[in-house]
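Report on the following structure.
Labels below follow one simple rule: chain letters A, B, ... track the order of the sequence lines, proteins then strands, and each chain is numbered from 1. The figures here come from the full heavy-atom set of this structure, side chains too, leaving out hydrogens, waters and symmetry mates.
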2 protein chains.
Amino acid sequence: MADAPKKPPMTKDSLLPLLTAHVLSHGLGGASLRPLAKAAGTSDRMLIYHFGTKEALIVDLLGYIAKVYAAALDAAMGSERAATRADVVASILAHGDAPAMQPFMRLWWEIVAGAARDLPGYQLAAQAMMGELLGWLEGQMPAGDPDPQGGARYLMTVIEGTAMLTAVGHGDTAQQGLLAGGLLPS
Amino acid sequence: MADAPKKPPMTKDSLLPLLTAHVLSHGLGGASLRPLAKAAGTSDRMLIYHFGTKEALIVDLLGYIAKVYAAALDAAMGSERAATRADVVASILAHGDAPAMQPFMRLWWEIVAGAARDLPGYQLAAQAMMGELLGWLEGQMPAGDPDPQGGARYLMTVIEGTAMLTAVGHGDTAQQGLLAGGLLPS
DNA sequence: CCAGGTATGTAGCGACTGCTACGTTCGCTT
DNA sequence: AAGCGAACGTAGCAGTCGCTACATACCTGG
């Protein structure tokens, strides 16, 4: 028999994806060690052993989630280049409404709330994710756009406002606003 | 001696303002009965007695907070009418940045996160508050605006996007975006 | 071969959670 | 005066929280 790797070693890097999956479906605020450990196939004892503290675990987890988000953006950075700003907005909103994105959006608002309360790690993760989005948006701007940098910031503000209004059930309000602002193809 | 009202009766209506003050400074997610009761000068026993359940308490509290928010908007609905959409945005952002508003903004993001997770009462409160803001915004639109309804929805989307980016430390990004979009006086 | 550090399981600690059982005091009605 | 239900205090329950003490395993280096 070959060397049978009975137990793959348990490290932070092997735990973080499992923890991420758990918080994506169960939320970040109410996350406690025992359910997290169960989702990762360990015990709370081991989570503290590897991360030292629950707070450190959350910080590490947020950093990892930010990286996952950046990778997802890279993957979504398809070659399709929109012709107008309105097309860019429409394309992004269509992606954001996808059911696969909803667990992530729900998590996102918890991160925003944590950042607004200055919880450790939240600001950093949120800023990193928004920075990624901004860079990606700049690359998505139409070819002949007169002000890609400013335009990307403009679109990001509008898109995030739409996302928030959608989260609280005012998505139609945002849609009408985008139309009135000329930011959606009529 | 006149009839001395030794103990003012404790009702929901007398408790809600005290509870609101507590969640404004301590947050809504981690609120537990005993600290809430202490802030209101009672015991957890009485909170359950009056509200029946912690969940019902939170629902009632969110409804009350929405009313307080509406009243605050009414009070802020000064007679000053801005001349341009950019002036409207600038005036509102100036109000939102005021230190007195920060506890409320922090609470707001918790409400958004709760609404995104379909916690009972959160969606309703958030929708009510956004509805109030929208109505107020329509009344704030410049006199000769070509499309006050659509314009108010447009500005609300932009303003909420700016608020979110500000909460996560990307306020400057939003400012630059508003400038590029012609939504801030240069 | 065996000392020693790393990794892991089991139990449990004190604090806190939402909530309840029980008893008491009050104002009101009959 | 007797009764009665609402209003309230005290004590406590079962459960969960983050975290730790203790006892093993396990592989590695001397």
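Checking C/dG18, D/dC17, C/dT10 against the side-chain heavy atoms of A/Ser32 singles out D/dC17 as nearest. When each of C/dG9, C/dC19, D/dC8 is scored by its nearest atom to the side-chain atoms of B/Leu33, the top-ranked nucleotide is C/dC19. Listed nucleotides C/dT8, C/dT20, C/dG9 differ in distance to A/Ser43; the shortest reach to its side chain belongs to C/dG9. Picking from C/dC13, D/dC13, C/dT20 the nucleotide with the shortest atom distance to the side chain of A/Arg34 gives C/dC13. Side-chain proximity of B/Ile48 to the nucleotides C/dT17, C/dT20, D/dA21 is greatest for C/dT20. Picking from C/dT8, D/dG9, D/dC19 the nucleotide with the shortest atom distance to the side chain of A/Met10 gives C/dT8. Comparing C/dG9, D/dG18, D/dC8 by their nearest atom to the side chain of B/Met46 picks out D/dC8. In the set D/dC19, C/dG9, C/dC19, the nucleotide with an atom closest to the side chain of A/Thr53 is D/dC19. Nearest nucleotide to the side chain of B/Tyr49, out of C/dT20, D/dA7, C/dT8: D/dA7.
Within the nucleic acid shown, A/Ala31 comes within 4.0 Å of sugar-phosphate atoms alone, with no base atom in reach, counting heavy atoms only.
A/His50 has no side-chain polar atom (N or O) that falls below the 4.0 Å cut-off from OP1 or OP2 of C/dT6.
Between the side chain of A/Asp44 and the base of D/dC17 there is no donor-acceptor pair of N/O atoms closer than 3.5 Å.
For the ring-ring contact (aromatic ring centres under 6.0 Å, His included) criterion with A/Tyr69, the lone passing option out of A/Trp136, A/Tyr64, A/Phe104 is A/Phe104.
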Review item, nucleotides 24-27 of chain D N/O atoms under 3.5 Å of protein N/O:
none

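Residue B/Leu73 qualifies as enclosed at atom CG: its count of foreign heavy atoms under 6.0 Å is above 12.
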**Steps toward side-chain contact (heavy atoms from CB on, under 4.5 Å) verdict (A/Ile58, A/Tyr122)** = CA-CA 9 Å; A/Ile58 297 293; A/Tyr122 283 73; 4.0 Å; yes

